2 protein chains.
Amino acid sequence: MDFLQNNLIYCIPALGLAGIIVMMIKSAWVNKQDAGDKNMQELAGYIADGAMAFLKAEWRVLSIFVVFTAALLAYSGTITEIKGIPMHSSWIISISFIIGAVFSATAGYIGMKSATKANVRTTQAARTSLKQALKVSFTGGTVMGLGVAGLAVLGLGGLFIVFLKHFNVVSVNSVEMKTAIEVLTGFSLGAESIALFARVGGGIYTKAADVGADLVGKVEAGIPEDDVRNPATIADNVGDNVGDVAGMGADLFGSYVATILATMVLGQEIDVKDNFGGMSPILLPMVICGLGIIFSIIGTWFVTIKDEKSNVQNALNLGNWSSIVITAVASFFIVKWMLPETLNLRGYEFSSINVFYAIIVGLVVGTIMSIVTEYFTAMGKGPVNSIIQQSSTGHATNIIAGLSVGMKSTVIPILVLAGGIMASYHFAGLYGVAIAAAGMMATTAMQLAIDAFGPIADNAGGIAEMSQLPPEVRERTDNLDAVGNTTAATGKGFAIASAALTSLALFAAFVGIAGINAIDIYKAPVLAGLFVGGMIPFIFSALCIQAVGKAAMDMVQEVRRQFREIPGIMEYKAKPEYEKCVAISTKASIREMMMPGAIALITPVIVGFTFGPEVLGGLLAGVTVTGVLMGIFQSNAGGAWDNAKKSFEQGVIINGETFYKKSEPHKASVTGDTVGDPFKDTSGPSMNILIKLMSIVSLVIAPYIAVKAIASEHKQEVRKEIRIEQKTDSLGHTITDTLTNTTDTLKF
Amino acid sequence: MDFLQNNLIYCIPALGLAGIIVMMIKSAWVNKQDAGDKNMQELAGYIADGAMAFLKAEWRVLSIFVVFTAALLAYSGTITEIKGIPMHSSWIISISFIIGAVFSATAGYIGMKSATKANVRTTQAARTSLKQALKVSFTGGTVMGLGVAGLAVLGLGGLFIVFLKHFNVVSVNSVEMKTAIEVLTGFSLGAESIALFARVGGGIYTKAADVGADLVGKVEAGIPEDDVRNPATIADNVGDNVGDVAGMGADLFGSYVATILATMVLGQEIDVKDNFGGMSPILLPMVICGLGIIFSIIGTWFVTIKDEKSNVQNALNLGNWSSIVITAVASFFIVKWMLPETLNLRGYEFSSINVFYAIIVGLVVGTIMSIVTEYFTAMGKGPVNSIIQQSSTGHATNIIAGLSVGMKSTVIPILVLAGGIMASYHFAGLYGVAIAAAGMMATTAMQLAIDAFGPIADNAGGIAEMSQLPPEVRERTDNLDAVGNTTAATGKGFAIASAALTSLALFAAFVGIAGINAIDIYKAPVLAGLFVGGMIPFIFSALCIQAVGKAAMDMVQEVRRQFREIPGIMEYKAKPEYEKCVAISTKASIREMMMPGAIALITPVIVGFTFGPEVLGGLLAGVTVTGVLMGIFQSNAGGAWDNAKKSFEQGVIINGETFYKKSEPHKASVTGDTVGDPFKDTSGPSMNILIKLMSIVSLVIAPYIAVKAIASEHKQEVRKEIRIEQKTDSLGHTITDTLTNTTDTLKF
């Protein structure tokens, strides 16, 4: 025990490394599987090549952004004082940022690579048995999950050790420790920036390719969907991986890292004397998330079925619940072992057992939000049925029903989230809010494995269809695909919940670093900030939706050009230039996401430096509230429209009459599905990134705006020590009084 | 001057009375006009009867609600102390509430009566000249405008005098004065409650009747639109008046009253010694709004044209701008005359000239928001054109374009609103925010005259068409109708702006009465309140949209029954039971608005008493932010879809090709218009009521939750004087320290 106590800090990256090693073993196992006949391999090869082409093109643009931002961060790190007040950042934050970006990109690469290998092998396995098909597809998903979680824990844990040594940190309550953690925020900023490109750009990409391929291929050229002669068909298939695998992976990688980091920032303020050199509240989130990787691996053992008749969903649920329960139980012992009996954050006192309760709150919030998302988007349930019923009276009533379902679906998640905030705060103050998020994210590896399984099964079905394999193969892949649709919905719920809790954790951390102790919306400028913040998700959504339309038009032009200029495509004599379509789509998507991306990155900087930290806090609150609402609304409306349309495949009963595909109500449902596409795959999920990115940018600039605010008040006065006087208000919060003044003195 | 100073308080209701007298003269003039031939009169008679049938049915239900709520208020007014802390309300608040409700209902009655008389007389006048048609229709609108503003000022001003006498108020800074103003909030609550029924119920009504009439009449029975054989056609025409005239009127009546009241509440806290017995900050909003009636009457003189070729829009603009400019100029002198050189509200010091600047800010905000609304919904402008272009690729892209336009249209209004908050606060603190709203509302009589002119012209055109009058008559009414479409859009912008500013004014007043001096969203429960508040406009919108569908189905059943059970309808031998359809639609709309109405009324009560005033403040902020956003989004998307559809009447050019009605792109535009109908006429405008009603309910319960919060802290301690100690924080706010504690001591 003694040994572990002293060396606990080294165990953290080791846990990440363990995850990566298991990932490699699983990845090798997938590669070893039979990839089927030549036809299947060729189809899969196109998709894999296209995915790589996308990544390459994306990375080219990304590298410019990363270098530019890193330079900016390096410069800011060299500032040693602002108007006499010492700064304690370092240029090393730029290195931290670059590593975060590279790790996030690597996680995306691993996921894409694994998914595009597992898809065809799942198809081949489905020739043997459902059991084997599930094993291959789920293992493919597990590679992604372990890659994301492993790299995150390895990166954070490893860099933390390096920074502790580099800055010669000798005590928790030192300027050096502050610097080390501030520099670590760069890692999170890097990760979230890549997520912006992956999620928003990817979201635009996948829908642009989809619409572009359909418009020219199906409508103009009259060739079927997924026909190899269509130059955009590979882009379309790549898009599925880009959006559902890489986008989701980058999103959760960002949440995972940001959550741990925010908890560390808050943990640093807790004085625990001897526990692990006073570092136990800082190390706790990393330990729980690191062990969560191991518990997720254990969970994967339960994801197996007996025979053809077994229920796949139950197997996934068993695995998921196993890892959650083990994490919950282990958290109890970890908390008891690591933390002292009582803790105190900014005057709020709580016991170690309450930290455990806060973790449970996080697990419960995540679970309920997933369940609600599933209910509102699942076939056969009330909400989707209401859309089906209202499809009978036309396109307009279908749309109205879907919009109504989406809006209604916000109620329970918001109440649960609000309850979660209050409960976790009640248990362990702001540290409780952050650790709740960390608890929820602990099983990210498992969540992502289940998420990524969906698109793999989907692709496997597509390959089976295109290769015209025997019906029992398609039956098996259809079985997996149906389960995949459900997990896609629950995955989205989990992603939104994680983004919301992460933002709140970052929000709490921001307030501490920005040197304010209140965000008072009764002050007019703060209220104005709240309004402007609330508006940003609306314009961001509008730009994302619009971007899909514009990018699709670019794709249409390129496909038309290829049909015109390359002779022999239609006769299978010439191969279309798939990679050009991929490049066009990538370019268009990256161009179109510049504007929304810029809004997310620049707004906090402008508001923070112009109006100070408290107004920026108001802005962040506004963005988070409407961002979460718009995210749930758009994702669920889109999901419900999608499944309403899919319901027509088996036939639906409206007023006693049965309707199938090609009926009038089905046509109305297709309209809803098309409207829902950018909602659920572009603008909806991009809300996750928007709220997290704006929070993390604010956290990174927080020390500067805090000091600037102080400086503008006490212009000539040189103050070596910022924290001078502490007092306790009636709630028991410790107020750092000198810093408090910084916001009050803003002149409007 | 001396006489006026002492008797100024009596001049205020006199100004209201003057407005009502002018209204009566104008109303008599309209009645005197020729109502056309028998056919026209019969058609108009059906509509007028139907409108009255709606009002009667509405009032029956309303009276139960009013009596119940009045009883509750009367009981709460009898509470003299809560746990030893003295309360200073009175049972008279219930009288105040009833008068508010009756006045609001009366204003709605006057507007409906006037509109249903002016419509057919406008048609008849259009047989002579455009000049005469404009005169009749605009005078009809003026009756509504003057009725609303006159009754509001008469009611508020008159009751204020009565309460001052009744409670023996001898000084401004007395408990009696507090009581008098608290009792006056009942008037505002009454007005806003009626607005809930008028706006939400009316919104559901009009769209239910519209859809119901179309589905059975046009589709099933194959008779044209507006055919007298359709039992629902009168309900449909009534609906236009119910929504656009009565709904808008009640909405603005509520805003007008609430704004003045909120400014009075804040004004009561300003100590001005001798000016008008220390009452000048209290009287100022009433004086400005009272004189605004006179300036609006002056403005109406400018609304006239020379001949057939004159521009009607310019005439309306000239009238509008005249009244705004006169109000602005007069405000300067009124402020200088009434207020002392410097004022102080809660430690924020400002000069009288700054109060004038704040008024100007209000006028500017209202104007810009109207202009932006017009831009985003007008034919021939970019946003509507983008929807037309995207109609060429089908229903789905039309919907996507409209949603995108609606979301984008939030940006400038929110930035203007945020700027307005900051500027008016900068000039005159919280009093500035409230007086800005009052300044904006001062010309309400003129705004409503222009608003109500639209549906009158619309109805006039309908009657001309049904009566098959000569083409030059329809040309003239079409000219007026086109202008009416524009004024409808700007009117909606004004209504949203007024609701937003009113809510902010109420918010500021609430904080004072609730005994808190901050709403700190950094406190977890307050943040949770913000989230829940933000969610309410989503569920409210969803319920409104859904209600339209359900109510329309009821209407369909009734129309089918009449066709089946009344023989001879189709042969014009039997008259359909119009009033049954009207009753069905009214009943359905009132039933369907119960749930959203209950949410608006009960949520603040539950949250306030359970979690205390600060959490309730967070809730209100959340409701206001997303309510304003959802209001702008839905209203503008709906308006843009509507005009995109209308554009096809004259033909639109898409990719070089011209498309007219019945073309495929036109069909797509009809889908958008149908989706937009509940958006722009039901859920969108209902946001105005939602945010105002929740704020006014909070204001009414504020004294109770403030005291309850104190009581739960100092359980056994009897405190006769609440305000004990005052201190000033670094911003210069005066903090009432004892009351401050009330929120901090909430236990979560």
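These numbers come from a predicted model, not from an experiment. Side-chain atoms are counted along with the backbone in the values below, which use heavy atoms only and exclude waters and symmetry mates. Letters A, B, ... mirror the listed sequences (proteins, then strands); counts begin at 1.
Between B:Ala528 and A:Ala418, the shortest heavy-atom contact is CB-O, 3.6 Å. The nearest pair of heavy atoms linking A:Met407 to B:Ser541 is SD-CB, 3.6 Å. Between B:Ser404 and A:Ile545, the closest heavy-atom pair is CB-CG2, 4.5 Å. Minimum interatomic distance between B:Ala542 and A:Lys408 (heavy atoms only, all atoms of both residues): CB-CG, 3.6 Å. In this structure, B:Val625 and A:Leu530 approach most closely via the heavy-atom pair CG2-CD2, 3.7 Å.
In this structure, CD1 in B:Ile519 is found 5.0 Å from CD1 in A:Ile521, a value given to the nearest 0.5 Å. Atom CD1 of A:Ile412 and atom CD1 of B:Ile539 lie 9.5 Å apart (nearest 0.5 Å).
Contacts with chain B were tallied for A:Ala508, A:Ser386, A:Gly432; A:Ala508 has the most, counting heavy-atom pairs under 4.5 Å. Your options are A:Val405, A:Val548, A:Thr410, and the one with the most heavy-atom pairs under 4.5 Å with chain B is A:Thr410. Your options are A:Ala423, A:Ala524, A:Ser409, and the one with the most heavy-atom pairs under 4.5 Å with chain B is A:Ala524. Note: A:Val511 leads A:Ile421, A:Val670, A:Val511 in heavy-atom pairs under 4.5 Å with chain B.
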Hey, can you pull the donor-acceptor pairs under 3.5 Å for the side chains in residues 615-623 of chain A, sequence neighbours left out?
none

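Residue contact with chain B, scored on non-hydrogen atoms closer than 4.5 Å, involves the side chain of A:Pro678 exclusively. Residue B:Ile536 does not touch chain A at all, counting heavy-atom pairs closer than 4.5 Å. At a 4.5 Å heavy-atom cutoff, the contact between B:Val628 and chain A is made by side-chain atoms alone. The part of B:Leu417 that comes within reach of chain A is its side chain, from C-beta onward, which places non-hydrogen atoms under 4.5 angstrom from that chain. Using a 4.5 Å cut-off between heavy atoms, A:Phe540 does not touch chain B at all. Both the backbone and the side chain of A:Thr624 come within less than 4.5 Å of a heavy atom of chain B. At a 4.5 Å heavy-atom cutoff, A:Leu543 makes no contact with chain B through either its backbone or its side chain.
No side-chain heavy atom of B:Ile632 sits under 4.5 Å from any side-chain heavy atom of A:Phe538. Counting heavy atoms from C-beta outward, B:Thr397 and A:Thr674 have side chains that stay 4.5 Å or more apart. Looking at heavy atoms from C-beta onward, B:Asp677 lies out of side-chain contact with A:Ile400 at the 4.5 angstrom threshold.
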Start with the C-alpha distance between A:His395 and B:Ile399, add both sets of side-chain angles, then the distance that settles side chain to side chain contact (heavy atoms under 4.5 Å, CB included), and finish with yes or no.
CA-CA 10 Å; A:His395 302 266; B:Ile399 298 296; over 6 Å; no
Between A:Met535 and B:Val411, does the side chain to side chain contact (heavy atoms under 4.5 Å, CB included) criterion hold? Intermediate values first, please.
CA-CA 6 Å; A:Met535 172 267 285; B:Val411 176; 3.9 Å; yes
From CA spacing to verdict: side chain to side chain contact (heavy atoms under 4.5 Å, CB included), A:Leu415, B:Val532:
CA-CA 6 Å; A:Leu415 291 179; B:Val532 173; 4.0 Å; yes
Please walk me through it: do B:Thr626 and A:Leu629 pass side chain to side chain contact (heavy atoms under 4.5 Å, CB included)?
CA-CA 9 Å; B:Thr626 54; A:Leu629 281 162; 4.0 Å; yes
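Although no hydrogens or angles enter the test, the distance criterion places no donor-acceptor pair under 3.5 Å between the side chain of B:Asp520 and the main chain of A:Ala518.
Using the six-membered ring where Trp is involved, B:Tyr522 and A:Phe507 have ring planes that are perpendicular, over 60° apart on the 30 and 60° scheme.
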